[in-house]
Asker: 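Before anything else, here's the structure in question.
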Amino acid sequence: MTAATTSATARATIPLTAADFKSDYKPIWCPGCGDFSVVSSFTRAFASLGLRPENTAVISGIGCSSRIPAYLTSYGFHGVHGRSLAAAAGLKLARPDLTVVVASGDGDGYSIGGNHFMHACRRNVDMTYVVMDNHVYGMTKGQPSPTTEPDWDSKLSPGGTGLRTFHPLVIALAAGANFVARGFSGDPKGTGELIAEAIKTPGFSFVEILSPCVTFRPEQREWRKAVREAPINTDDPARAARLIMTDDGFNIGILYRGHREPYYRKTDKAAKQPADLEKGFAI
Amino acid sequence: MTDSRNGSGAAARTSISVAITGSGGAGVMTAGNMLLEAAAKAGWYGLMVRSSGPQIRGGEAAALCRFATRPVDCLDDRFDVLIAVDWENLHRFADEIPLDSASLMVGDPTQGDPPEVFAKSAARYERLGIKGMAKAIQGSWPNMVVVGVAAGLIGLPKDVLRAVVENMLKKSRAGLAPSLAAIDAGYEAGETMQAGEKLAAPAPRSESRWLITGNQAAGYGAIRGGVRFVAAYPITPATEVLEWLAPALADVGGTLVQAEDELASINMIIGASFGGVPALTATAGPGLSLMTESLGLAVAAEVPIVVIDVMRGGPSTGIPAKSEQSDVSIAVNGMHGDAPRIVVAPNSVADCLMSTQWAVHLAEATQSPAIVLSDQFFGQMRAVVDRPKDVSYQGARLTAAGNTEGYKRYSLTESGISPMAIPGTPGIAYTADGLTHNERGIPSSGAKDHAVQLAKRERKLLGHEYGDYWADVEGDGETAVVTFGSSTGPVREAIARAKADGVPVRLVSMRLLAPAQPAKLAAALAGVKRVLVVEQNHGGQLLRHLRSEFEIPGEVQSFRRPGPLPIRADEVHRQLVQWSNQ
């Protein structure tokens with residue numbers, strides 16, 4: 001064993017702090033953006049679970065929230081718009097030993113990536129999906145997303161879209177997610193705990209984080225006053241769905257935790273050598 | 001050619017083509033498969049191409065078989081025999097089953113008359129009460145009578161056929177005896193129809209042979225190259241690659257996932273490969289179109305992946321179950337930005353194995369996406385092939401050691417290839433990015449970072465030594481044919497016939513379509529005066545590609561036609577001889 005690997009082994013035994021998961025790369029977000037706090041929730045969650053950066057991968061798509069992987073010291077993947085869940089599922093199924101977390105936003109996750117969201121819930125691969133929801137496309141400078149209110153005025157949709165908002169948590173329940181929670185970026189400690197619970201829970205865990213966009217939705221500063229602890233934490237999807245469908249969107253906490261078996265690949269063992277397969281072709 | 005093409009002679013034939021047709025459910029594919037397997041066991045070569053209408057069940061279907069004493073990669077110009085269980089909608093196959101006055105049609109008079117298009121070919125018509133013969137043997141089926149007729153016509157040994165049928169029907173013991181009886185009845189009828197025109201006895205077998213489809217061969221090539229993760233969405237005609245791989249991958253410790261769409265499947269394989277596991281997907285044109293954005297991600301983030309495109313008629317939904325070589329342009333050019341990629345085209349059923357294995361090797365070695373351009377003709381064709389030679393190509397990726405001081409994922413090396421950190425390796429974690437980035441992988445919109453990273457990705461592919469596999473170059477002469485993929489088979493036959501006429505012709509069958517190899521093509525075409533470019537598409541996509549990347553010497557002609565009609569050796573042969581004698 002070389003000196004370098006010895007010291008690496010020694011290093012691997014030292015518990016890491018949240019700060020060890022933060023990279024030295026300066027975020028590009030606007031001052032006051034909720035996503036700053038979400039980085040801190042990620043690093044707290046990783047440290048509290050005793051994860052190692054080399055065994056953790058954060059996968060994202062495109063948008064303000066999807067910039068997160070570069071701000072962490074774990075492995076990261078910043079792919080194309082809307083496809084982070086697919087890339088993450090491929091990684092987790094190919095490398096079940098890794099902890100895989102996906103970072104997304106309401107445009108990336110619910111609009112262009114909407115189909116993958118449904119199927120990721122349904123497939124129930126053991127990974128955690130964190131969506132920073134600010135009800136707006138920030139990176140393209142202020143267009144309505146699937147969670148934007150129907151009368152929100154913008155250059156692209158003057159007078160509002162007139163469309164009802166999307167209920168991501170109910171979709172997640174209906175599609176089979178095994179863990180559904182809502183957090184608020186203004187509470188990085190509580191949100192860090194939610195993310196840690198999500199990672200610990202086997203199967204597909206979905207954490208929606210209300211994360212204000214102070215640039216295009218300055219009124220979201222008021223969310224701080226609206227959030228409250230959710231009245232239920234149930235394993236009954238119907239009860240959870242009823243609350244989510246009827247509340248004002250500000251109940252914070254774990255709303256549903258189920259008991260579904262995660263999707264596993266069938267085998268890790270190679271029963272045959274590749275050359276054995278050609279027997280089927282021989283005449 | 002040694003084939004005795006015009007009928008009546010008693011000389012044994014080296015190649016006999018038999019089309020078996022009927023409405024869906026008549027069992028024509030089963031009949032074709034039985035005959036092909038029996039011919040293989042008897043020591044012959046052969047192939048069977050499937051052709052069917054758009055219906056899933058109940059449409060018209062044709063098993064297009066060719067039996068030969070030597071390996072064959074393509075259909076013949078014409079069919080010697082057409083056996084119709086019934087004539088329903090058969091006119092739709094008129095162009096795909098060319099008959100002439102030396103051909104024989106066998107049909108059941110109780111099922112009506114042959115369609116006008118076949119009748120006017122002047123093929124001899126033998127009326128045989130196929131349905132009645134089957135009905136007379138309780139529990140048997142008309143397609144078994146047809147198996148017997150075809151076997152009798154070509155002289156397939158009865159005992160070999162019996163053994164194959166027994167094996168294929170071993171799960172339905174009740175059906176075996178009546179099926180064998182029906183085959184016997186058909187055999188007797190077939191034997192007497194065209195006495196003297198049997199297939200010549202097979203040469204003694206010198207090497208082991210396989211009965212395999214191009215889609216199976218591609219799947220096996222993927223595994224041999226080291227692929228252990230596959231994600232894909234079902235699509236005709238690529239699905240059989242996946243259906244073969246699903247249990248096979250599990251057997252070797254790999255994983256196959258059915259994705260929700262092609263956008264997911266390509267991103268799943270990118271994720272898996274980012275994790276260090278060689279990964280592949282298989283699709284057809286519509287799926288490749290959907291995957292194009294993420295192919296660019298694999299280019300920019302330098303994640304090796306392989307995409308098999310089993311080409312079918314396009315654009316749009318096109319002709320899903322029939323072949324065309326019309327995805328050259330999208331494979332070679334179809335991405336935004338400057339996006340170097342590898343494009344490999346197998347040129348025989350057996351080569352689907354080697355080319356796919358090579359594509360895995362190239363993708364892994366250069367940390368780039370590789371596209372394998374197969375097509376429906378190869379993909380769904382079942383053929384008897386000599387067991388392909390083992391090649392050593394394995395996916396071998398340059399990876400980075402843990403705790404490398406100052407590690408830079410996208411470092412500007414001389415070859416352009418930089419060691420890749422694999423998750424799980426400590427001290428070198430990085431973020432792979434589709435955004436333009438610097439050497440560390442940090443996003444950058446600076447002109448210099450952009451320029452040097454674009455050049456690095458290009459350098460990886462241009463600097464790789466592709467060896468002799470870039471093309472099959474055969475023969476000499478002042479006339480050359482440049483072609484690729486499934487057009488190679490008929491071109492080879494055309495060149496052999498031209499040679500017999502005293503006209504030597506060179507063949508360049510390009511396996512590596514991208515990156516272009518101008519120096520190698522120039523050497524292969526040195527001294528030629530005429531270049532015929534042969535391809536199966538309407539727009540001349542290979543010709544356009546050649547014109548944009550190469551200086552083609554001499555006079556250039558294009559021989560092209562869209563699918564689903566295959567390029568026929570006869571047409572190419574005539575053009576070659578005529579042009580060379582001008």
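We name chains A, B, ... by the order of the sequence lines, and we start the count at 1 in each one.
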Asker: Quick check on S208(B) against chain A: is it the side chain, the backbone, both or neither that has a heavy atom closer than 4.5 Å?
Answerer: neither
Asker: Parallel, tilted or perpendicular: which one describes the rings of W210(B) and F281(A), with boundaries at 30° and 60°?
Answerer: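 Answer is tilted, since the angle falls between 30° and 60°.
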Asker: With under 30° as parallel and over 60° as perpendicular, where do the rings of Y129(A) and F204(A) fit, or are they tilted in between?
Answerer: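 If you compare the ring of Y129(A) with that of F204(A), the planes turn out tilted.
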Asker: Select one option (side chain, backbone, both, neither) describing which atoms of Q273(A) are under 4.5 Å from chain B's heavy atoms.
Answerer: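 Looking at Q273(A), just its backbone touches chain B.
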Asker: Check step by step if side-chain contact (heavy atoms from CB on, under 4.5 Å) holds for N267(B) and E293(B).
Answerer: CA-CA 10 Å; N267(B) 280 281; E293(B) 183 197 17; over 6 Å; no
Asker: If you count heavy-atom pairs under 4.5 Å between each of I269(B), D261(B), V277(B) and chain A, which one has the most?
Answerer: D261(B)
Asker: Would F117(A) and Y110(A) count as a ring-ring contact (aromatic ring centres under 6.0 Å, His included) here? Give the steps.
Answerer: CA-CA 7 Å; F117(A) 177 41; Y110(A) 305 150; 5.7 Å; yes
Asker: Under 4.5 Å heavy-atom distance to chain A, tell me which part of V385(B) shows up: side chain, backbone, both or neither.
Answerer: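 Interface part for V385(B): neither.
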Asker: By a 4.5 Å heavy-atom criterion (distance strictly below it), what part of R67(A) contacts chain B: side chain, backbone, both, or neither?
Answerer: side chain
Asker: Where on I283(A) is there a heavy atom nearer than 4.5 Å to chain B: the side chain, the backbone, both, or neither?
Answerer: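 Contact with chain B: backbone and side chain both.
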Asker: Side chain, backbone, both or neither: which part of A231(B) has a non-hydrogen atom closer than 4.5 Å to chain A?
Answerer: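 Interface part for A231(B): neither.
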Asker: What part of Y25(A) lies closer than 4.5 angstrom to a heavy atom of chain B: side chain, backbone, both or neither?
Answerer: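 Side chain only.
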Asker: Between P247(B) and chain A, with a heavy-atom cut-off of 4.5 Å, which part of the residue counts as in contact: side chain, backbone, both or neither?
Answerer: neither
Asker: Parallel, tilted or perpendicular: which describes the rings of Y410(B) and Y430(B), with under 30° parallel and over 60° perpendicular?
Answerer: perpendicular
Asker: Among A421(B), A401(B), A217(B), G296(B), which residue forms the greatest number of heavy-atom pairs with chain A at distances under 4.5 Å?
Answerer: A421(B)
Asker: Answer whether the closest heavy-atom distance between the side chains of N178(A) and E261(A) falls below 4.5 Å.
Answerer: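 No. Closest side-chain heavy atoms not under 4.5 Å.
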Asker: So for D390(B), is it side chain, backbone, both, or neither that comes closer than 4.5 Å to the heavy atoms of chain A?
Answerer: neither
Asker: Quick one: what part of Q258(B) sits under 4.5 Å from any heavy atom of chain A, side chain, backbone, both or neither?
Answerer: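 For Q258(B), backbone heavy atoms alone lie under 4.5 Å from chain A.
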Asker: Which residue out of R440(B), E37(B), R205(B), M268(B) racks up the most heavy-atom pairs below 4.5 Å with chain A?
Answerer: M268(B)
Asker: Taking 4.0 angstrom as the limit, do R409(B) and E439(B) come out as a salt bridge?
Answerer: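 No, this pair does not count.
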Asker: Side chain, backbone, both or neither: which part of I266(B) has an atom under 4.5 Å from a heavy atom of chain A?
Answerer: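 When you check distances to chain A, no heavy atom of I266(B) falls under 4.5 Å.
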Asker: Counting only heavy atoms from other residues, nucleotides and ligands, does the tally under 6.0 Å from CD of E207(B) exceed 12?
Answerer: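 For E207(B), atom CD is crowded (more than 12 foreign heavy atoms under 6.0 Å).
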Asker: Could you go step by step and tell me if S211(A) and D35(A) meet the side-chain hydrogen bond (donor to acceptor under 3.5 Å, both in side chains) rule?
Answerer: CA-CA 6 Å; S211(A) 180; D35(A) 293 351; 2.6 Å; yes
